[in-house]
**Q** 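Okay, here's the structure, questions in a sec.
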Amino acid sequence: VSVDDLSTLIDGSSYEIGARRMNANDWNIIYTDSVRNLTLRNCTFENSVMAAIHAGGAGNQSSAYSDFPDKVLIDNCTFENNGRNDIEIIYGKNIQVTNCKGDNSLDIEMNGNELVESISVSGCSFREFTPYSPSDISGTCEISVTNSTFNRVSAQVGAHAKLSNC
């Protein structure tokens, strides 16, 4: 699936794509569980209550990793006025975020046994970058960030992110 050069913005106050309501105040514009081969290019996301893009599902994927996002490209997108995060990646593999800018945060969380593999961020600008992984992770964690600008980096616990030219 490819969403390219959307002529209108994707506004979280009126659109939810694959959204799942987890509680009364938990909306994401794009919520991926097991999406494969997704490209989002030249789009503007705004006004999400939670994250504009949430990669990963709601459950623990520690057993089979059969339900994770794979081969996702988010390219040249703009994020404005989103709630908790502009992009949050909870688990998945082969996820690329390139040439994006946002006024909130890019959050990559490995909460336990989840798979966070081949995640790359390049040429981006966000207010905050928050890589998180517990010190006792048992899953795979590979995050590479290059040529990006963040006003603040809030690495938590045993964050496994490699930053260069940032």
**Q** Could you state the interatomic distance from CD1 (I89) to CD1 (I108), rounded to the nearest 0.5 Å?
**A** 4.5 Å

**Q** Picking from V121, L73, V72, I119, what satisfies side chain to side chain contact (heavy atoms under 4.5 Å, CB included) with Q96?
**A** L73

**Q** Could you work out, with side chain to side chain contact (heavy atoms under 4.5 Å, CB included) as the rule, every residue matching N94, not counting sequence neighbours?
**A** D70, K71, S118

**Q** Please give me the minimum heavy-atom distance between S148 and G123, naming the atom from each residue.
**A** OG-N, 3.3 Å

**Q** Minimum heavy-atom separation for S48 to A51, with atom names?
**A** OG-O, 2.9 Å

**Q** How long is the span from the SG atom in C77 to the CD1 atom in I53, to the nearest 0.5 Å?
**A** 6.0 Å

**Q** Checking the side chain of D103 only, and the main-chain atoms of N81 only, is there a donor and an acceptor separated by less than 3.5 Å?
**A** yes

**Q** Any non-hydrogen side-chain atom of I87 less than 4.5 Å from a side-chain atom of N85?
**A** no

**Q** Look at the rings of F126 and F79 and say which category their plane angle falls in: under 30° parallel, 30 to 60° tilted, over 60° perpendicular.
**A** tilted

**Q** Determine which pairs satisfy salt bridge (Lys or Arg N to Asp or Glu O under 4.0 Å) with at least one residue from residues 120-131, sequence neighbours left out, and list them in order.
**A** E128-R152

**Q** Give the minimum heavy-atom separation between I74 and C100, together with the two atoms involved.
**A** O-SG, 3.5 Å

**Q** Looking only at heavy atoms, which two atoms of C124 and V97 are closest? And how far apart?
**A** SG-O, 3.5 Å

**Q** Mind checking the CD1-OG spacing from I95 to S120? Nearest 0.5 Å is all I need.
**A** 9.5 Å

**Q** Output all residues satisfying side-chain hydrogen bond (donor to acceptor under 3.5 Å, both in side chains) with T78, sequence neighbours left out; order by chain, then residue number.
**A** none

**Q** Can you list everything that forms a side-chain hydrogen bond (donor to acceptor under 3.5 Å, both in side chains) with N76? Sequence neighbours excluded, please.
**A** N42

**Q** Check for a donor-acceptor pair, side chain of D107 on one end and backbone N or O of F129 on the other, with a separation under 3.5 Å.
**A** no

**Q** Taking side-chain hydrogen bond (donor to acceptor under 3.5 Å, both in side chains) as the test, write out the residues that go with D75, two or more places apart.
**A** R41, T98, N99

**Q** Please collect all salt bridge (Lys or Arg N to Asp or Glu O under 4.0 Å) contacts where either partner lies in residues 77-86, sequence neighbours excluded, each pair once.
**A** R84-E88

